[in-house]
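To keep things clear, I will list the structure first and then write my remarks on it.
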Amino acid sequence: MSWFTGRADGVFTARAPGLTLLAAAVRVAPLPGVTLAVLVGLAALLPTALAVFSGKLVAALAGARADGQLGGQTLRIVVVISLIFLMQQVLSSVSLLMAEYLGRRVNRDVRARVIDALAAPATTTRLENAEVRGLVHDINGGLGAATALEALTGFVSVAVLRLGSLAGVLLLVPYRWWTVPLVIGPYLVAMTMTARVYQIGLQASEGNPASGRRARYLQELAATSVAAKDIRIFGLTDWLRAAQYREWLNGVLQARRERSGVVGVSLLSGGLVFVSQLLLLLLICRDLRSGALSAGNFTALVVVIIGLASALGVSSDLVSISVGAAKIRAVRRLEGVLAQASEPASGPGLAPVPALEHSVVFEDVWFTYPQARAPVLRGLSFTMTAGRPAALVGVNGAGKSTVIKLLTGLYRPQQGRILIDGVDLTDVDPAAWQRRCAMLSQTWIRWGLSIRDNVLWGAPDREPDPDALAAAARAAHLDQIAERLPQGWDTPLSREFGGVDLSGGQWQRVGLARALYARSQGARLLVMDEPTSALDVQGEADINDSLLQATAGQTVLLVSHRFAGVRHAAQIMVLADGRLAEHGDHESLMRAGGLYARMFQTQAERYAEESPTVGN
């Protein structure tokens, strides 16, 4: 039975979330984790000790009334009770401080494990899996806002209360042993069901995970600068609000349908607890009246029964515990799913990483994206000569970007081979090969760091090379942009961090400089996917001239829809329907009058229409 959502992925299926949290704490800090468990155990025993000495105090007071004076035993009992109260305060404070310390350690461990898990697979196929995205969403707050810190501190409070109540039941054994199952059975059922009803009520207000992700996505759109433009221009506020509410409501209704009957079971279990405690109270009252039970023992048992009733209370700690444990289990699940996609980092079966001194060969390569009906590459074969620039062109959807991902080891072909200097890429450590590649993709990342770090991250494992940085910036025409920034090369590229935002074309120059810097630091293959797509015609021409000089004699693969840069490549490959339709240099392809010539002519005519000076 699930404590939270009943999902089949196992995230919420654990019956003991507190133990999950405690195990995570012991994992990151063994001694403090074990110490916390001991402190909780000691604190849980104190209510039972208090019940015992409360009974002794009542008995002592009854004897003192008969004698007419308070004896030394009574005073000693009062001192012991005072010490118990003091120990409760001390152990509670120390336990909470220890829980906060361990919670921060677990939070750091969770963040590190998520980053390591996401970075572990050499290929990116599994990262695009819906389950992986869902797990990451859950860990990042989709399950709830509680972190390990709130969960562990809540665990201390709840564990002391409930374990203390259970420990008090031991006092029933010398009284009448058969009353123990009479009390414990309904209590355990009611405790579990009460927690479930509280947690399910919270989930019903948030919706199920899938609908919750969609609802949160729609809500967060309004906070993004990119979406904010369309929302205002097209008047999407009402639609966005309605769509977000619809997704939220669907999740709520589904959660309530799936949890129908739980409230009834909870009320029934609560009724059983009431009946069992009522019977026990009547029993001890009868024994007290008949003289079979002393006043002191009667007092101790009443304190135990009241403690059991108070332990059934609910609080937000229950949700924090469940959510915190669920996130830890989600991390484990994420690690397990991504470990299945991880490639061996080293081993005797792996070939040395080729130096790319001769050629790149695609040999009958087929590839189909997950859940796609048709393959995007259909027996693609071509050969690139090392040390010469090559270009890849074709209409949208021809498979150009897929070729880049396969060539850089981000995907693996389902059929065929990719050979680097005659070595099959499947026989090479993919992470080591990727260190030999420098790439500017269409969707370049925009790090909110200084412009200097944005470029230097092309080779983060190497000492910064100021000369190489300057050369890469000049080739990408980034040097003049950096000089105009408020803090020069130290300016953060994000207004969120007190810096500036760049235009799309300026960001593309940053990405291009990063790729060129990586090439200067040891990368053997430079891949550029639409390197000038965000630039104007003059900027494109300037960049193309600089790239010709900066990449002379290097192995470069250029993918572009713009033929101004493509025409200078020594080898041009034309893709169509996932196959190689044509190949050759610009002159030979133009003479052939095929697909390349038609695309080139169409683009040239468009440029002629846009520029009145063309042809003059």
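Nothing here was measured: the structure is a model prediction, and the numbers come from that model. One is the number of the first residue; the rest follow in order along the sequence.
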Review point. In terms of heavy-atom contacts, does CH2 of Trp366 have more than 12 from other residues, nucleotides or ligands at under 6.0 Å?
Key: yes

**Study point:** Polar side-chain atom of Lys400 near backbone of Val574 as donor-acceptor pair, under 3.5 Å
**Key:** no

Exercise for review: Output the distance between atom CZ (Phe362) and atom CG (Leu406), rounded to the nearest 0.5 Å.
Suggested key: 5.5 Å

**Study point:** Main-chain N/O of Val361 paired with Thr383 side-chain donor or acceptor, under 3.5 Å
**Key:** no

Point to revise | Asp453 atom CG, neighbour heavy-atom count above 12 within 6.0 Å | key: yes

**Study point:** Polar side-chain atom of Gln521 near backbone of Gly458 as donor-acceptor pair, under 3.5 Å
**Key:** no

Review point. Sequence neighbours excluded, which residues qualify as salt bridge (charged side-chain N to carboxylate O under 4.0 Å, His left out) partners of Asp238?
Key: Arg241

Check your understanding: Do side-chain atoms of Arg519 reach the backbone of Ala515 as a donor and acceptor pair under 3.5 angstrom?
Key -> no

Exercise for review: Say whether, by atom type as modelled, one donor and one acceptor occur between the side chain of Arg436 and the main chain of Leu525 under 3.5 angstrom.
Suggested key: no

**Study point:** Gap between atom CD of Glu131 and atom CG of Leu338 - 0.5 Å precision
**Key:** 9.0 Å

Check your understanding: Are any side-chain N or O atoms of Arg378 and backbone N or O atoms of Arg579, one a donor and one an acceptor, separated by less than 3.5 Å?
Key -> no

Check your understanding: Between the side chain of Glu363 and the main-chain N/O of Leu419, is any donor-acceptor distance below 3.5 Å?
Key -> no

Review point. Would a 4.5 Å heavy-atom cut-off, applied to side chains only, mark Tyr101 and Leu36 as touching?
Key: no

**Study point:** N/O donor-acceptor pair under 3.5 Å between Arg105 side chain and Val28 backbone
**Key:** yes

